[in-house]
Asker: 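If you scroll down you'll find the structure; I have some questions about it.
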Amino acid sequence: MCIRVEGRAYIGGHFVRIRLGREGCKTVQFSNDYIILPGMVDIHVHFRDWELAHKETLEGGAAAALAGGVVAVGDMPNTKPHIRTAELYKKRLGEGARLPIVYRVHMGVPVDLRELDIARPPTVKVYPEDVAEFGWGHIEALARRCAGLGCTLIFHCEDPAYFKDGERPPEAEMACVEKARRLAWDTEARVHLTHVSLPQTVDIARGWATVDVTPHHLFLDRENCKLGGLCLVNPRLREPGLRKLLLARLAAGLVDIYATDHAPHTPEEKKSDSPPPGICSLDIALSLLLSLWKRGVLTLDDVVRLYSHRPARFLNVNNDIIGGVFTIIKLEEFTVRGEEFAGRCKYTPFEGFRAFGVVVATAVGGKIFFRNGEVYDV
Ligand code: DOR
């Protein structure tokens, strides 16, 4: 069965009442208590699967995305095995193609850089572990090759030389950013710094790198997140003062992209004595961002720029309302409950947070997925 949606859409900076879908389909009307936004795009998620399917699967990840109004994702290559060859890269892309959302994966750092010539990935993700294992020389060679091939290096920017006794201080990020800056300058490679945790990084990146920030580095800090393993993430949560300055950079329009770093682990792992780093927020990331609109910190233009238009351009995917890629939001406040999350990850340090904007439906690929589980052609 097909439906046609009628409601108030935010297009080109204005609200307009529109009809989306084909003639002859049953029309479903949404009152002015709802808004229609372009599909959200998250360039940084971990959908795991393969040997880590106990943490999350491609299907579980896609369900969390749809629940959060997200129509396209950029998955990370630190799967098991790590995606370092053209063969694994293409295998993963092929598997992702079966999902109801648009799926991309960033390639991992190849041991043999010739893999890039075969895979031709638009993006390559560099981890501190890659720097520790292969050295900065290998990353520089990668950057040169990427510059030639036109791919973008995505840095998880923390220099492992600064890790000490299990701690990862802000200096690790600052040192890495300086190295990445030189590398961008010397090689002319395009650089993106992901999940930056310091306001200084946003400032220093201007002119040579783009940056994204996560919901957890914007909302959570060492004072307000005291849930042990649940609050553990890389880069670490920072002091409240630094968090507020990062939020101020976002409000000032200095941040390019908002991305979750949605990183599921099992609850047992997170509660253990040595919890792995990672926070789940894909289901609620848009609502957290909309709560900043509600509070007057951001405009609605900021919201769609940060979590839809800019990341759509980054991944080269469609986020066009008129093209049938949209999400419908009910304008009401709600309390975050991890148990309501749609993927495998059903816990979050945002538990109990008040967020704004309930995602009631997400449309992509000719289908509309409603919160209650109903699916229609559109
Ligand atoms: O906290 C994190 N968890 N940061 C990362 O960069 C990796 C991620 C994961 O894969 O669990």
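One-based numbering, in listed order, for ligands and for the atoms of each. The basis for the numbers below is simple: all heavy atoms, side chains too, and nothing from hydrogens, waters or symmetry mates.
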Asker: Show the numbers, then the answer: is there a ring pair (Phe, Tyr, Trp, His ring centres under 6.0 Å) between His195 and His44?
Answerer: CA-CA 9 Å; His195 56 38; His44 192 144; 5.1 Å; yes
Asker: Between the side chains of Glu173 and Thr201, does any donor sit under 3.5 Å from an acceptor?
Answerer: yes
Asker: Does anything in residues 364-373 pair up under salt bridge (charged side-chain N to carboxylate O under 4.0 Å, His left out), and if so which pairs, sequence neighbours excluded?
Answerer: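 Sorted result for residues 364-373: Lys367-Asp377.
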Asker: Can the ring centroids of His192 and Phe155 be said to lie less than 6.0 angstrom from one another?
Answerer: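 Not under 6.0 Å, so no.
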Asker: List in chain and number order the residues that pass side chain to side chain donor-acceptor pair (under 3.5 Å) with Arg120, two or more places apart in sequence or in another chain; answer none if no residue qualifies.
Answerer: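 None.
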Asker: What are the distances between nitrogen or oxygen atoms of ligand 1 and protein nitrogen or oxygen atoms, counting only those under 3.5 Å?
Answerer:
from	atom 1	to	atom 2	distance (Å)
ligand 1	1 (O)	Asn234	N	2.9
ligand 1	1 (O)	Gly278	N	3.3
ligand 1	3 (N)	Pro277	O	3.1
ligand 1	4 (N)	Asn234	O	2.9
ligand 1	6 (O)	His156	ND1	3.1
ligand 1	10 (O)	His46	ND1	3.4
ligand 1	10 (O)	Arg48	NH1	2.9
ligand 1	10 (O)	Asn78	ND2	2.8
ligand 1	11 (O)	Arg48	NH2	2.8
ligand 1	11 (O)	His265	NE2	3.0
ligand 1	11 (O)	Pro277	O	3.1

Asker: Sorted by first residue and then second, give each side-chain hydrogen bond (donor to acceptor under 3.5 Å, both in side chains) pair with at least one member in residues 295-310; sequence neighbours left out.
Answerer: Tyr10-Asp301, Asp42-Tyr307, Asp256-Arg310, Thr299-Asp302, Asp302-Arg305, Ser308-Asn319, His309-Asn319
